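This one's a predicted model, so the numbers in the text were calculated from it and none came from an experiment.
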Amino acid sequence: MNIVLSKLDPLITKFGLDNTDQMEILKGPCSKIGVRPAHVVFIAGSVALFSILFGIAARFLSTFISIIYPAYRSIQAIESSGENDDKQWLTYWILFSIITLADASIGFALEFIPFYHILKLALFVALFHPQVKGAEKLYDQFVHPLYLKHHEKIDKGFQKVQEKVKQQVNDKFQN
């Protein structure tokens, strides 16, 4: 089996998956069955991609992929010291939230676009891929200027809501 799997090594390197051999969560199970974690990641990714291409659980798989890897890398960013990776993951989650909110609002119409989930997954991969750093680029180009323009109004709105909620809670518990 390792002879067959070793033929995947050039593809694993080409797609930058060699570092997945260092994932602690995969090392134990993979060593028991005698395969590289990178092989498991590559095969699972390939199965997921083909499933998405053929519309089998496309929504679930594209959402799963766009959450699991970034969540793991976010944990690594929190646990790392001195690395400048926090901005990448914070900006990813900001954009993920914006896209997910838009998808929840108008996604029913977008579902009719051929290969919509593939396009959406490609967008998320471009946002989180460490060499592309699309999240930082989109944040700097679009979100940051909007934030600077509107943050005072938004802060005042949140403050009003917070005061109303606090007042409601106080009124409930004082009666």
Salt bridge (charged side-chain N to carboxylate O under 4.0 Å, His left out) between Asp171 and Lys164, worked out: CA-CA 10 Å; Asp171 289 348; Lys164 286 182 181 181; over 6 Å; no
Counterpart residues, side-chain contact (heavy atoms from CB on, under 4.5 Å), relative to Leu138 (two or more places apart): Leu95, Leu127, Phe142
Taking only residues two or more places apart in sequence, or in another chain, which ones meet Phe128 in a ring pair (Phe, Tyr, Trp, His ring centres under 6.0 Å)? Tyr69, Tyr92
Minimum heavy-atom distance Val132-Lys137, with the two atoms named: O-NZ, 2.9 Å
Who else is in Ile106's hydrophobic cluster (ILVMFWY, side-chain heavy atoms under 4.5 Å, direct or via others)? Leu110, Ile113, Tyr116, Leu119
Without placing hydrogens or testing angles, list every side-chain donor-acceptor pair under 3.5 Å for residues 145-161, not counting sequence neighbours.
none

Say you draw a straight line from CG of Leu11 to CG of Leu17; how long is it, rounded to the nearest 0.5 Å? 9.5 Å
Partner residues of Lys133 under the side-chain contact (heavy atoms from CB on, under 4.5 Å) criterion, sequence neighbours left out: Gln88, Glu136
Just to verify, what does Ser74 make a side-chain hydrogen bond (donor to acceptor under 3.5 Å, both in side chains) with, not counting sequence neighbours? Trp93
I'd like to check the ring pair (Phe, Tyr, Trp, His ring centres under 6.0 Å) partners of Phe64; sequence neighbours left out, ordered by chain and number. Phe60
According to side-chain contact (heavy atoms from CB on, under 4.5 Å), who are the partners of Ile65, at least two apart in sequence or on a separate chain? Ala48, Ile52, Leu121
Which ILVMFWY residues are connected to Ile75, directly or by a chain of links, through side-chain heavy atoms under 4.5 Å apart? none
Asp85: partners by side-chain contact (heavy atoms from CB on, under 4.5 Å), with sequence neighbours left out: Ala77, Ser80, Glu83, Trp89
Take atom CD in Gln162; do more than 12 heavy atoms of anything else shown fall under 6.0 Å from it? no
Show the numbers, then the answer: is there a side chain to side chain contact (heavy atoms under 4.5 Å, CB included) between Ile98 and Val143? CA-CA 10 Å; Ile98 292 168; Val143 177; 4.2 Å; yes
With hydrophobic residues grouped by side-chain heavy-atom distances under 4.5 Å, do Val125 and Tyr139 end up in a single group? yes
If I take atom CZ from residue Phe96 and atom CG from residue Leu101, how far apart are they, to the nearest 0.5 angstrom? 11.5 Å
Distance, nearest 0.5 Å, that separates CG of Leu123 from CD1 of Ile118: 14.0 Å
Set of ring pair (Phe, Tyr, Trp, His ring centres under 6.0 Å) partners for Tyr72, sequence neighbours left out: none
Side-chain atoms of residues 24-46: list all donor-acceptor pairs with protein atoms under 3.5 Å, sequence neighbours left out, distances to 0.1 Å.
{"from": "Glu24", "atom 1": "OE2", "to": "Lys27", "atom 2": "NZ", "distance (Å)": "3.1"}
{"from": "Ser31", "atom 1": "OG", "to": "Lys27", "atom 2": "O", "distance (Å)": "3.2"}
{"from": "Ser31", "atom 1": "OG", "to": "Gly28", "atom 2": "O", "distance (Å)": "2.8"}
{"from": "Arg36", "atom 1": "NE", "to": "Asp21", "atom 2": "OD1", "distance (Å)": "3.4"}
{"from": "Arg36", "atom 1": "NE", "to": "Asp21", "atom 2": "OD2", "distance (Å)": "2.9"}
{"from": "Arg36", "atom 1": "NH1", "to": "Asp9", "atom 2": "OD1", "distance (Å)": "2.7"}
{"from": "Arg36", "atom 1": "NH2", "to": "Asp18", "atom 2": "OD1", "distance (Å)": "3.0"}
{"from": "Arg36", "atom 1": "NH2", "to": "Asp21", "atom 2": "OD2", "distance (Å)": "2.5"}
{"from": "His39", "atom 1": "NE2", "to": "Leu5", "atom 2": "O", "distance (Å)": "3.0"}
{"from": "His39", "atom 1": "NE2", "to": "Asp9", "atom 2": "OD1", "distance (Å)": "2.8"}
{"from": "Ser46", "atom 1": "OG", "to": "Phe42", "atom 2": "O", "distance (Å)": "2.8"}

